[in-house]
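Fair warning: this is a prediction, and the values are worked out from it, not measured in the lab. Only this structure's heavy atoms are used, side chains among them; waters, hydrogens and symmetry mates stay out.
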Amino acid sequence: MANPSSQRRALVVQHNFSPFSNKLVQSGFVNSEQMQQALVESRKTGRPLTDILELMTGQQLPPDLLRQYKKQQLFELKILYGVESLDPEINQISTTFVGQLIDVLIPVDLCRRYKLVPLSRYDDATPPSVLIAMVDPDDLAAQDDLNRILRPQGLGLQRMVITNEDYQRIISQYLDEQVERQRQIEQEAKVNVQQDLEGLEYLNLEDAPEDIEANLDTALEDAAAAPVIALVNKILVKALQDGVSDIHVEPQEESLRIRFRRDGVLSEAFPPFPKKIIPSVTARFKIIASLDIAERRMPQDGRIRRIFDGHKVDFRVSTLPSRYGEKVVLRILNNDVTQLGLNKLITDPETLNIVQEAVSRPYGLILVTGPTGSGKTTTLYSALAERNSPGVNISTAEDPIEYSLPGITQVQVIREKGMDFASILRAFLRQDPDVILVGETRDKETAKTAIEAALTGHLVLTTLHTNDAASAIARLEEMGVESFMVSSSLIAVLAQRLMRRVCPDCRVAYQPSSEELARYGLSASREVGISFYKATALHAEEILQARSSNSICSTCNGVGYTGRCGVYEVMRVTERLQTLITEGAPTERIKEVAVEEGMKTLLSYSLDLVRQGVTTLEEVERVTFTDTGLEAELKAKRKSSLTCRNCSADLKQEWLDCPYCTTPRFQD
């Protein structure tokens, strides 16, 4: 008696099914009669075979079978039309570029009429052409209309075939973004802060009692009122227009204060708002961040996504109960990666070469350190951009994902589901990675897993919160990582800060006194011919007065600074430093040796920027100046020369007094 599998194979041959249909029958997902019925139904209705099979069986097709069906579809389409096929799961598609081509070249009505999407434009080709994916590449009417648009611009037509499902997915995404963009533009156009405040007068908002839970219903009603919605939108829009990094919504005893952090400095963005709007504004922020509106006694974290000026912008939201209400802080995460590149960030050629050499290594650990908001993620993604190519497998674990870089695998941390940094990192190691980015190393398990990955043939980049490069060693040891593992895996540590650029249009040149220079380890004799600058920074009242008289600087608007630049300290792990790390040497000794071996400290780097006229000594004082940093540099200088205790000038042995500042008792 023939076994059942032999009977199935006989039926397959009899019905002459495709390889995909054969595999479905052989796997037992459907029998041959059901398959034959599904094929007839698909030809008659035009519906995808997979949809009919899932409806018929009441169960979903396994992912591997769906993938095989897709490959068969694309192969058949390629043979049928004689053009290459497009698989968006394999061929990366820039939806932003697709949208730009639809906006400026191929109208969306034409795309929807003929089921096609423009993919790319080749202006350097001979002749220049546009690549378009079409559900039916043989549609002559579509070709005629496309050529009517392209030929007057000197462009040719290249065709690819795409499945109807992939076309619908791409065009739907474009249309959704268009709707959201238009809605945002309309809101921005009609929002006016003064009108919002006037509208708030009509709301039934009473002062919040001590038991803030009692005001929940009122807050919910008021949060849905048009003036409150418009006011919150205005706050978000103004923050994006002003290029700020953080928004602070702070309930005070008698008012609501809104502050923006721009270029690392907080300042008030609006005049104080009335106290009575605190519950409704806080509630509105929680609603759009999908937070629990009823929970007012515990901190919460959420996220807001908006379209602004054609770009996606995310706001990371944090709420914190305080004495006068919930404080809300929003961190703005801009996904624009057009400015990524180490050469755009690091201005010092020697420091840039060191970082690029470390990033090009095949394996090892690179640490980027600094406080929150110092640009660590931007530096990491700039490093990834240096390595990003079709031959390199890059995976990232982040919380949150701040940038979108085509060609890499990005994974969001979801701690509620057990997806923390350590578990994602272990999963990466089974995915044949070349380069791994770990958003933040904050515990022993993550640190040890990252180091083990670095020791087994992978380049690992991650961040720590330390004050300088040398302190990263002690931080890892505090986490419980053995010293010998750190010394064996660590390639380099990059510490960084962000410093404000002095406004080039209103800065004022001046000559610092010898005492002021000596404070930073500089001497007047060495700084001859160097121009130093001060910022023309006005107080809030002075800014208003300057605006009214039309005498304010149009570049910085009276702030004195515009934009920011990076300050870097790169510690290469040499053999001498490896020995010190293994022996457990203190941080001060590690830093001293690193400086002796050529490390430019944060202080030294920032002082170079001052000499170049990029920033000011006041910014150095605010951002990078520390006594320990100065001490490490002076110790390194004393190794090679005799220096004055006061101004650090080079001295000759026979001199008893410093000839520059007349300080007696020089020291070596």
Side-chain angles (χ1 to χ4, degrees), residues 264 347-348 350-351 467-471 495-502 507-537 560-561 565-571 587-668:
T347 56
D348 179 64
E350 184 180 352
T351 303
N467 290 327
D468 56 19
S471 301
Q496 68 177 81
R497 297 290 189 277
L498 290 177
M499 184 175 290
R500 292 185 296 173
R501 293 177 179 269
V502 65
R507 65 185 182 179
V508 177
Y510 83 111
Q511 183 57 48
S513 65
S514 58
E515 292 80 7
E516 186 178 359
L517 290 172
R519 170 172 167 73
Y520 298 96
L522 305 176
S523 66
S525 62
R526 294 178 184 174
E527 308 302 329
V528 174
I530 301 296
S531 295
F532 291 82
Y533 294 93
K534 278 185 177 291
T536 308
Y561 297 90
C565 57
V567 181
Y568 301 91
E569 174 181 284
V570 184
M571 185 178 77
T587 299
E588 294 76 12
R589 177 58 181 160
I590 291 174
K591 182 165 187 174
E592 182 182 340
V593 170
V595 173
E596 289 174 12
E597 296 197 342
M599 181 182 79
K600 181 176 287 189
T601 64
L602 289 168
L603 176 60
S604 179
Y605 195 112
S606 61
L607 290 174
D608 282 347
L609 294 177
V610 173
R611 294 186 183 97
Q612 296 163 19
V614 176
T615 189
T616 63
L617 288 175
E618 288 78 10
E619 273 296 284
V620 173
E621 175 81 23
R622 186 181 71 86
V623 178
T624 63
F625 183 77
T626 62
D627 292 336
T628 56
L630 180 60
E631 183 180 354
E633 292 195 44
L634 294 181
K635 280 184 179 179
K637 289 179 182 177
R638 293 174 194 136
K639 294 286 183 181
S640 57
S641 65
L642 211 60
T643 56
C644 172
R645 180 195 306 272
N646 180 42
C647 69
S648 302
D650 291 336
L651 304 178
K652 294 181 180 179
Q653 182 66 45
E654 62 268 19
W655 287 348
L656 297 178
D657 296 339
C658 173
Y660 302 106
C661 64
T662 66
T663 299
R665 299 184 59 195
F666 58 81
Q667 64 181 24
D668 60 14

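Here R500 pairs with E619 under the salt bridge (Lys or Arg N to Asp or Glu O under 4.0 Å) rule; sequence neighbours left out. By the ring-ring contact (aromatic ring centres under 6.0 Å, His included) test, Y568 is found to be paired with Y605, residues two or more places apart in sequence or in another chain being considered. In this view, E597 and T574 satisfy the side chain to side chain donor-acceptor pair (under 3.5 Å) rule, not counting sequence neighbours. With sequence neighbours excluded, the residues forming a side chain to side chain contact (heavy atoms under 4.5 Å, CB included) with T624 are R497, M499, V567, L602, L603, S606, V620, listed by chain and number. Applying the salt bridge (Lys or Arg N to Asp or Glu O under 4.0 Å) criterion to E350, with sequence neighbours excluded, gives no partner residue. With sequence neighbours excluded, no residue forms a salt bridge (Lys or Arg N to Asp or Glu O under 4.0 Å) with E516. With sequence neighbours excluded, no residue forms a side chain to side chain donor-acceptor pair (under 3.5 Å) with T536. Take N467 and apply the side chain to side chain donor-acceptor pair (under 3.5 Å) test, not counting sequence neighbours, and it matches no residue. Listed by chain and residue number, nothing satisfies the salt bridge (Lys or Arg N to Asp or Glu O under 4.0 Å) test with E569 (two or more places apart in sequence, or in another chain).
The side-chain heavy atoms of V610 and Y520, taken from C-beta on, include no pair separated by under 4.5 Å. Side-chain contact between T347 and C565 is absent, with no heavy atoms from C-beta onward closer than 4.5 Å.
Closest approach of K600 and D348 over heavy atoms only: NZ-OD1, 3.2 Å. Pairing each heavy atom of A470 with each of M571, the nearest pair is CA-SD, 4.1 Å. The shortest non-hydrogen separation linking I530 to Q511 is O-OE1, 4.0 Å. Considering every non-hydrogen atom in both A495 and A469, the closest pair reads CB-N, 3.5 Å. The shortest heavy-atom contact between L609 and G566 is CD1-O, 3.9 Å.
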Could you walk me through whether L617 and Y510 pass the side-chain contact (heavy atoms from CB on, under 4.5 Å) check?
CA-CA 11 Å; L617 288 175; Y510 83 111; 3.6 Å; yes
Test side-chain contact (heavy atoms from CB on, under 4.5 Å) on V595 and T601 and set out the steps.
CA-CA 7 Å; V595 173; T601 64; 3.7 Å; yes
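Checked for salt-bridge contact, E592 and R589 meet the test: a charged N lies under 4.0 Å from a carboxylate O.
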